[in-house]
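Below is one structure, written out as structure tokens, with a few remarks after it.
In what follows, chains carry the letters A, B, and so on, assigned in the order in which the sequence lines appear, proteins first and then strands, with residues in each chain numbered from 1.
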2 protein chains.
Amino acid sequence: MGWGRITIGKMEFVDIVRHIHPLKKEDLQNLLSLSETVQVSKNTVFIEADKPSKYIYFLQEGICRIYYHKADIEIILAFSFPGEAMISLNNYVYGTRGYENIEALETSIMTRIEIASLQDLYENSTAIANWGRKLAEFEILKIEERLMQKLFKTASERYQDLIRKESNITNRVKLGFIASYLGVTQVTLSRIRANTR
Amino acid sequence: MGWGRITIGKMEFVDIVRHIHPLKKEDLQNLLSLSETVQVSKNTVFIEADKPSKYIYFLQEGICRIYYHKADIEIILAFSFPGEAMISLNNYVYGTRGYENIEALETSIMTRIEIASLQDLYENSTAIANWGRKLAEFEILKIEERLMQKLFKTASERYQDLIRKESNITNRVKLGFIASYLGVTQVTLSRIRANTR
DNA sequence: AATAACTTTTTACAAATGTTAAAAAATCAG
DNA sequence: CTGATTTTTTAACATTTGTAAAAAGTTATT
């Protein structure tokens, strides 16, 4: 569909941090001093299942997919957009290996922090501990939202919801991925799209 | 099935608290001083959707169901067993009204803490803030587990998983509820059970 | 511009699950 | 214990979704 690239969202790391939980200058500085901005090129898997992942990432620009691999099935749990945190959950919580693979679907800018250093901060600053608490709480809400969608809504409704929220996602992500995210086959998604016209 | 009641798990509140994140005597005392043990009788809905819920509950004894109501559909998100926390998520995180109804399926013992007081503690104690962070992180893992089950496994596998984990749940919870939890109709669950024999 | 590789849609058929209704089984109340 | 109520299973049929393969459309490369 030769439309050319769509303008995409961008977010500064400090804004991402502050949006989770406001911090005083000193705490903010401590967090920022641990952070490192990286560019991840298209189709790079930067968090891999079964491998320890040292970092928590915050997406500033681009789009990623979080997916699980099981036997020969691959299922997309979520897409990440600017402003969102990306982690290997079990790794972050227990320090063990996790299930998630996370791949940049476009060349993306993200800021990362070493989880071990972050956890030191958690132990030494009440404000940052509460920041980490809020981060976790928002993740709960995000994943609960996803589960509710899956439990309550048909694939067709979930598709509508997705394009309402991210209107140009079909121009940035191939339909096979979107079908996987919705939990249906690509054939079913094609049928849904055919009935929506 | 005239078997008589099955012995059920029990948990002390202090053990539940310590299992989330170890606390020093003083912090533990602060938490305990805010807590209040209550008995909730069978079939009582003690957290209601669209109503503010002042408390976070920790189940010591009994079994509860967390369910959403939408139009005329009712879907069970989870069963709670001793040791688990029960909250209205949006209420806990944002102070707004939530989607969850939580009902005691058996007469249950639980300890509750006022969310507002707990949040005061979060602001004033690094250890308790980290305790709250861990609480949230474990909730993420729990709900992620549930989502993965739903995404990767057939209803039949999910049923097997459930009875492996809670072998006597079919004696304590009616199959209509279990079907709802599994995300299938009761007819489908009957078919699953018929094929498992 | 032509070819190859990849993505999306369509088709035909199979399998799984839902719906409705009724029967069977289990449980509860008096 | 017995009848009433609730829960669970079974049956018949409809609908949805999956599978596999082909066709159509798109993108990338030479």
For B:Lys134 and B:Glu137, what are the C-alpha separation, side-chain angles and deciding distance, and is it a salt bridge (charged side-chain N to carboxylate O under 4.0 Å, His left out)? CA-CA 5 Å; B:Lys134 277 292 164 194; B:Glu137 288 174 2; 3.1 Å; yes
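As judged by a 4.0 angstrom heavy-atom cut-off over every strand, B:Ala194 is placed among residues touching the sugar-phosphate backbone only.
None of B:Thr44, B:Ile63, B:Leu59 except one satisfies the side-chain contact (heavy atoms from CB on, under 4.5 Å) rule with B:Ser108; the exception is B:Leu59.
Taking atom CZ on B:Arg158 and atom P on C:dA16, their separation rounds to 15 Å, with Å as the unit. Across the protein-nucleic acid pair, B:Asn195 atom CG and D:dT9 atom P stand 12 Å apart, rounded to whole Å. In this structure, B:Arg193 places its CZ atom 17 Å from P of C:dT17, rounding to the nearest Å. Spacing between atom CG of B:Leu175 and atom P of C:dA26 amounts to 12 Å, rounded to whole angstrom units. Distance A:Ile178 CD1 to C:dT7 P: 13 Å, rounded to the nearest Å.
Aromatic ring pairs are classed by plane angle as parallel below 30°, tilted from 30° to 60° and perpendicular above 60°; the pair B:Phe58 and B:Trp131 is tilted.
For the 3.5 Å distance criterion, the side chains of B:Thr107 and B:Ser41 fail to qualify, holding no donor opposite an acceptor. If you check the side chains of A:Tyr181 and A:Arg158, you find no donor sitting under 3.5 Å from an acceptor. A donor and an acceptor atom, one from each side chain of A:Glu74 and A:Ser180, are nowhere located under 3.5 Å apart.
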For nucleotides 18-20 of chain D, list the nitrogen or oxygen atoms of the protein found under 3.5 Å from its nitrogen or oxygen atoms, one pair per line.
{"residue": "D:dG18", "atom": "OP2", "partner": "A:Thr185", "partner atom": "N", "Å": "3.3"}
{"residue": "D:dG18", "atom": "OP2", "partner": "A:Thr185", "partner atom": "OG1", "Å": "3.1"}
{"residue": "D:dG18", "atom": "OP2", "partner": "A:Thr188", "partner atom": "OG1", "Å": "2.3"}
{"residue": "D:dG18", "atom": "N7", "partner": "A:Arg191", "partner atom": "NH2", "Å": "2.7"}
{"residue": "D:dG18", "atom": "O6", "partner": "A:Arg191", "partner atom": "NH1", "Å": "3.3"}

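Terminal axes of the helix from C:dA1-D:dT30 to C:dG30-D:dC1 (five pairs each, C1' rotation axis) are separated by 40°, to the nearest 10°.
In this structure a side-chain-to-backbone donor-acceptor pair under 3.5 Å is missing from B:Ser125 to B:Leu121. With A:Ser35 contributing its side chain and A:Leu32 its backbone, the two residues share a donor-acceptor pair below 3.5 Å.
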